[in-house]
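First comes the structure, then the notes that go with it.
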Amino acid sequence: MALREWLWSDSGCDVPDRRVLAEGEACGAVVNSETDGALPVTILLADLARSIVVSVVPDQAELVERIPARWTSDPSSAGSAGDWSGGSVDADLTPMVISEVVYPLLTGTFAQVLGTGALIGLRRRRARRRGGDEPPAQVQLNLDTELSDRLRSACVEHGGVLGLTTAEATMLADALHGVLQQAITDSQRRP
Amino acid sequence: MRSWPSAEAVEPEPPRWGEPLAQGASQVAAPRHMWWTYALVVLALVVMGSGAAQALFLTGDLGHVAEPIACLRDRGVSLDDPSLRPSAAGAWQYALCVGPYDRRQVVAMALGAGSALLAVVLLMVGDGVRMRWRLSAGPGIRVATDAERRATARFEAWCDVWELAGRRRPRLVLAAPGRFGGRAFTTGLPLGRPVVVIPVAYAYLEAAPFDVIVLHELAHVRARDLVWAGSVWWMGWLNVPVLLIAFSPAALHPRSHLALYGTALWTATALSTAVLVLRASLLRRRELAADRYVVDVTGTAEALRAVLARRRGTLPANGTLAARVASVRRHVRRMTASHPTAEVRAAARRGDLDRWEGGFAVSAAASLIAVFLYQAVRTLLNDFARFAWAHPALPSALAFASAAMVWACVVVPAWSRRARVASRDNSVPTWSGAVTGVVLGLVGGYLLQVPGAATLASRTAFRGHLLLASAWLAIAVAGVAVLTVGLAAATATARTVSVRRLPTLTCAVLTAAATLASVLIVTVGVIEGHIRLGSAAEDRRLLSSLGDVHYWVCLPPLLLVACILCARQPAGVRLRAFIPLRPHWPVSVSAAAVGAWGAHHNWNTGTFASSDAREVSYFLLLQGWWICAFAGWAAAFVVLLTTRPAPRAAAGAEAAPWAAVPTALAVGLLTTASAGLGHFLLRVADGNPATLHGCLVFVRIPMWLFVVTAVVTLPWMLVGTRLLRRLSWRAWPVPTAGLKPVSAGAAATGLTLALATGLLSPVTVSPHDRSNSSASLQRLRTPVSRVPVVPRPVAHPKDPHRAADPRRLLDRTSAEAALAGLTDLLPPGSKSDSVGEDGELDITPASCQTLFRDDDAAEKAMPRTVDITHRYSIPVEGTRSAEVSFALTSYRVPPAGFTALRTEAIRCPRVIFLDSNLEKGRRYASLSTRDLRTMPYPALQLMEQDHFRIEGREMKMNVLMIYELVGHNMLSAGIFYVYQDTVSPRIQKHQQTLVTAALHNLIANLRDGAL
């Protein structure tokens, strides 16, 4: 299973009943980077994606609300409709929609910077907790400016892999960087 | 349709939501319908279904094959050698015996064809229903947001532009995020309202990319791509499973039927793969056409390129292993992908579909299906036995005609569009792929077998000469293909008056069809004649006479009409403009005069040593007709060589003189007809009778000979023309008008001399052709196999002058004496074989082995006074070995009858003998029995047909045993032949005669009281 699918599939996510993620719920990984001087910040990937889309294409705010639930609930329909069907003609034209590309972009970016080992370890830990009533896992980063910059660079690189132009990838990376910087600022203001 | 915007053109402003749609969009024509795919799919399904039905008919024995075989055997007619035609009385018996079986096969073929069509329709409906269920099953999108509302409104507005209504108006479904791979597509039920599925995310884009998606899908809807895409898809997947179902009754005898149908399965698999690859290739062109439609409607390619830009990936560096692997994978994917690469789509060239349709793949597919149709129609017509025996050449001729018509209807318009695209682009089209496709399709289709079909006449007729026959067939077909290229090119460059397009194209189609049908009939006839007779004289006779009676007679008028319609005429209507081929009259007159004079002079002066006046007359007449035909050929060649390219043609067009082919051939035909007429008039002037029939013969036969010459030489003529043109363009920049008739006259004179001096005799006519041809036919009538003559029975078994009762219990002396007299029936060279105990072979199934063993034990347990068997090897040409056995057993208690034998045949009609002396250790046997009412005492005939392999060859064995129960005595006589391929019907008849005579004589001997 690809990393992206694992992260957002039912097996990798604690979102029950295939419902839309509510505010405060998250699906992702807990990573404790023991960077000295870094402040622990809780990042909700769904919130992060939402923030990026709102800052880049505000028109798609209502669309992005629908995407996580669909992304996690219908993996069987991920294949093309026309590949094995004689009675369908597929256009094979897929214009880029920010709301749809932001999730794989963020997943790939965080995996590239933070590595997959910790994510897999989390999966085991979370599996042990599934029997209880504990809240779903959250993405927690010891975020600092250096990590934010690395995530921005990775976002640009990963955008190219996903077929985005450099301008598009840079735009999204800047938005990501801005959200992270805001998170750092907010955490520093917090008593 | 608008032209492609140039780079300098000002790009229109991108559309915005809520703005009016592009002006002039309603004038943009939809991508062309693919009518020919429907025709080919239906024909392919009919052929496929009929082939599978034939397989099921045979493996399931739905026609009760034993009935006609027994009936034919009784009448001495064999099915094994179709080349030997029985007499008129035999034909009637054949029709009586085989008629019911063939009628059942016709019904089965019709049902199979209908079932295949129905199955594809049902699968398409099922597929549509499945997609509809998938669309309704998942979480749908309610059109709730502003973005979704405006997207829906824009989609409806586009539909309104082309006034799509009713079943043609598609329904929009906005798919939830993540569903159906996030792609837009069109689906629907056959003949139902299409459904365009677009991911809801696209409603949040700008209007321009949304328009690209919608217009692309509407292009598919307007072009009705769903139906052909679905039908071809299911046809590709259905072929092999249907055949497997048809072969399923043969599962009990897999080896025997694998030999028969193994090739069919491989062929079906290859054809199915080709169908799916061809579908993918066609889909790619339809995608390009849909993209082109988007560009035409929006007036810009930028929006399309922007959407496509995301699909361009990065490639590995050249030279690395990854690059090589990726290259192979790309190549395979490119063949099976239903969409072109983004780079190709972004180029969005106009006319890609037209170029492709006139290329290799479609030409080969159309040719293959046409020849398969020939096989099916021929099988069908041959099944009407009385009709086929009454008109032996007609089923094949009609089948060829229908195949040629289908072929021409698909190929000529496709090639014409290809030529028109090239003409529009000021480029020279390449035809090598198309011609190669036709040659491979027609020749391959003729040699291949329709999967499942029971018989393949072509492979049988060409046996032993497959390569040579294929080469000749390919040469003839290539000539027809080149002629068709010429017709298509001329049609494409005709004046762009729409009212003239259709008649011109119709004439071109009919001309190509008539040419192909007549050429195939004659070529196949000559090849088969050569294989059977091996006589060059007979080949030449067939070449000059076969075509004289077939469809080619349609060719000259059609060609002339096509040329008149294709001719570039000056502006305005002038009477002289409608005079056909006016510029080429001097060439025609010059060559015709030479031809007529040469033929007449040859008649007056030519002679050779022969006492048969008719032979001399035959030779000189045919030589004169050939001279007229070659005069026409000289005129055609000069016209081809000197016709200048059209003023608006491209600079390189002079190197491709395709469009001049019809004109050249029409000039050649007119010249030949004129020469023939002149030859006839000169003979009349010499005092020969002037009859209309004679006049027509002198015109018709030379014209046919011209067609033969033209078809065989046309590819080489074009090559020579290109070479000479290149040379002449340098040496003689302007060919003078006066040079043309002189050149034609000189060429005709040279060819006349070559004919008169015998240089061309090997391919035209030789002095003793008539007598040699008759001699070869006489050889055919002489039986190849020397069949031993069976003496008539000594006396009728119930002769009242004999005293003894043959039913009595015999002693050994009497029995030996009775059997000894039978050797008189055997042919010279027969040898007595020692009689030993047959080694008992294991038999599969085991139940049959048990049954046979029990019956043998029971028979051996019966008390007897005598049990004698004599065996003899007899020489019979055409067989590997032949053996006769006579047996006489006298039981103390008269046996009750043949119950055991009948039971064995009923319970074990097919068994396998496990014989270690044979390859694979198996011998497959089919058993059957029937009562013989014609014998004087109760008699039973046992027939066994075996096949097995020895020394790598498939061998067959026929066994015929007749048991006759005469009181205490069981008499039996049997004969078996081991042979390869087929055995003459005379030999099979000899089996029956010998065995029956032996039993008659045996009874007569037993009646003889002196013994």
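Chain letters run A, B, ... following the sequence lines, proteins first, then strands; residues in each count from 1.
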**OP:** Can you measure from OH (B/Tyr204) to CG (A/Asp59) and round to the nearest 0.5 angstrom?
**Re:** 9.5 Å

Original post:
When only pairs under 4.5 Å are counted, which of B/Val212, B/Thr186, B/Asp225 shares the most heavy-atom pairs with chain A?
Top reply: B/Thr186

**OP:** Answer yes or no: are there more than 12 heavy-atom neighbours, outside B/Leu191 itself, under 6.0 Å from its atom CG?
**Re:** no

Original post:
Does some side-chain heavy atom of B/Tyr202 sit less than 4.5 Å from a side-chain heavy atom of A/Pro95?
Top reply: yes

Subject >> For B/His220, ring pair (Phe, Tyr, Trp, His ring centres under 6.0 Å) partners two or more places apart >> reply: B/His216

Original post:
Is it the case that more than 12 heavy atoms not belonging to B/Arg32 sit under 6.0 Å from its CZ atom?
Top reply: yes

**OP:** Mind checking salt bridge (Lys or Arg N to Asp or Glu O under 4.0 Å) for B/Arg154 and listing every partner two or more places apart, or none if nothing turns up?
**Re:** B/Asp211

Original post:
Which residue, B/Val221, B/Leu226, B/Thr187, forms the side-chain contact (heavy atoms from CB on, under 4.5 Å) with A/Val89?
Top reply: B/Leu226

